[in-house]
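Worksheet: one structure, shown below.
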Amino acid sequence: MMLQNQAKSITILHTNDIHSHFETVSSIAALAAAERAQSAESPLLLVDIGDHMDRTAVETEGTMGQTNIDILNLTGYEAVTIGNNEGLTFTPDVLERLYAGLQSPVVCCNIHEQLSSAPPAWMKKSVLLDKDGIRIGITGATAPFADFYKLLGWDALEPLQALQEQVEGLRTEADIVIVLSHLGLSTDRLMAERVTGIDLILGGHTHHLLEEPLRIGDTVLCAAGKYGQYVGKVVMTQQDDGRFRVVEGGCRPVDTGLLDETVSRALGIHRERAEEALREPVAVTDRPLTLTHMGESPFGNLLAQSVRQFTGAALSLVNTGQLLGDLPEGEITAGLLHELCPSPINPCVISLKGEHIRRSLEESLLPEYWSKGIRGFGFRGHVLGNIAVDGIEVLYDPSRIPYDRIVQISLQGEPLQDDRMYTVGTLDMFTFGTGYEQISRGEDPKYLLPEFLRDLLRLELQRPGSLDTCGKNRWIEVV
């Protein structure tokens, strides 16, 4: 217990954007346990700022997030918010089932159900925690990808206005007001400037590492990078005026040589269960489908086919970098599709001018595009890869100068017109201006959730004749 005349103090540990990097979570649990032992005479609070889950990991995919929930519970988290990897890659019914087993509150004030205009039952706009007589008000917010959340039956509200309302309510009751912000550093800066009454913003989403606290007015910003490489630590102490202020802050590197036995044992159990679940057979092939990121290949064509079939578009444009290897002959399991196509990327339909289609295809012939390393927007591959197409035929002459190599593009036997709009099935990440940026010029995007590309591949492998058609060339070299 704290001595009666000793100033009250609290230690806050925070993580963000772990993205199911399970190689660090046992060590994080060990670090948190050591911190609790060291601060035995003062309270400690452990929180997570979202994107703890990532379906790229076998453990998360095979247990649909249950591994992450158990790790959060075993580590002793006391409040969490959601990131886009929780909110947008799991359906609402799956999240409801998952968070029913979480022993800490999920705090987020800018996500509402469309039907009720209120947060889902498993989510709170804010909470008030008592830690040895210190009243801590916590609210949170997540990146408002409104078009995507709408498709899942939710409304993503403008976060700063929603946060101001919660902070005003908490300020009258709490000694300390904390925001768990999965909004990114630039928004956190704006929040500190515009939302009054916040003591501490613990940030994430943009994977920023603040080795020292950033002070803006009366608000302190902290963040701990990504993938569980660091744990943020903040110490707040009550001053003579009664206010709690940050007296220490920074990020501690996670020592992966230190492990928590309970967490490590749970991870092993979940890994076995996940692998068993992903052994589910989804198709049987009578031939291997090879892949190259440099040009046309059967597996790339199959991906393009799957998107055009699913979207019903006139043509499809996808990047082969979504695929990480050849598809073998024989039994195809859910786990193999997950291994070969791990990105949580959704299909979409856009209206795109012929000139932008042509420009994108010209770019696809250039090494500086197909070999480009890209990150973010759900992409979990290594290089962008070339463009695989379906529904069109492309005649090209590789001996001509760049951006003038395509001789003709045909759609159903008719030449593609530069000034005409076409319905194109493609990938959500392109609409954000990454990769082949001409595709982002498309209009009226219609995002199709919750299916990922690997779900579309499963359907395409089960469609009669798909293996025959993916072996037919769409890119025809002319002399």
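- Between E331 and R279 no salt bridge is recorded (no basic side-chain N to carboxylate O distance below 4.0 Å).
- Between the side chains of N386 and T320, at least one donor-acceptor pair of N or O atoms lies under 3.5 Å.
- Aromatic ring pairs are classed by plane angle as parallel below 30°, tilted from 30° to 60° and perpendicular above 60°; the pair F145 and F432 is perpendicular.
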List the atom pairs, with distances to 0.1 Å, where a side-chain N or O of residues 217-234 and a protein N or O form a donor-acceptor pair under 3.5 Å, not counting sequence neighbours.
unit_1	atom_1	unit_2	atom_2	d
T219	OG1	I198	O	2.8
K233	NZ	E35	OE1	3.2

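- In plain terms, the two heavy atoms of P144 and P159 that are nearest each other are CG-CD, 4.0 Å.
- Both the sub-6.0 Å distance and the 45° axial angle are satisfied by R55 relative to the ring of F90.
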What side-chain donor-acceptor pairs closer than 3.5 Å can you find for residues 163-171, not counting sequence neighbours?
unit_1	atom_1	unit_2	atom_2	d
Q164	OE1	T196	N	3.2
Q164	NE2	E168	OE2	3.4
Q164	NE2	T196	O	3.4
Q166	OE1	S126	OG	3.0
R171	NH1	G197	O	2.8
R171	NH1	D199	OD1	3.4
R171	NH1	D199	OD2	2.9
R171	NH2	D175	O	3.3
R171	NH2	D199	OD2	3.2

Quick one, D188 with S181, criterion side-chain hydrogen bond (donor to acceptor under 3.5 Å, both in side chains). Give me CA distance, side-chain angles, the key distance, then yes/no.
CA-CA 7 Å; D188 288 352; S181 169; 2.4 Å; yes
May I have the step-by-step check of side-chain hydrogen bond (donor to acceptor under 3.5 Å, both in side chains) for D51 and H182, ending in yes or no?
CA-CA 8 Å; D51 276 4; H182 197 83; 3.3 Å; yes
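- T256 approaches L259 most closely through the heavy-atom pair O-CD2, 3.8 Å.
- Of the N and O atoms on the side chains of T15 and D48, at least one donor lies less than 3.5 Å from an acceptor on the other residue.
- Side-chain atoms of N319 never come within 3.5 Å of backbone atoms of G385 as a donor-acceptor pair (strictly under, hydrogens ignored).
- Under 3.5 Å, the side chains of E113 and S116 contain a donor-acceptor pair of N or O atoms.
- For the residue pair N68/S20, the side-chain donor-acceptor check at 3.5 Å is satisfied.
- In this model, no donor atom of one side chain and acceptor atom of the other lie less than 3.5 Å apart for N16 and H207.
- Taking the six-membered ring wherever Trp is involved, the centroid distance between the rings of H21 and H52 does not fall below 6.0 Å.
- No hydrogens or angles considered: nothing links the side chains of D260 and S26 as a donor-acceptor pair under 3.5 Å.
- For Q239, the CD atom counts as densely surrounded, since its 6.0 Å shell holds more than 12 non-hydrogen atoms of other residues, nucleotides or ligands.
- Put simply, the side chain of D428 never gets that close to the backbone of C348: no donor and acceptor are under 3.5 Å apart.
- Residues D130 and L128 are not in side-chain contact: their nearest non-hydrogen atoms beyond the backbone lie 4.5 Å or more apart.
- For R273 and E276, the salt-bridge test fails: no basic side-chain N is under 4.0 Å from an acidic carboxylate O.
- Salt bridge E193/R189: absent, no basic N to carboxylate O contact under 4.0 Å.
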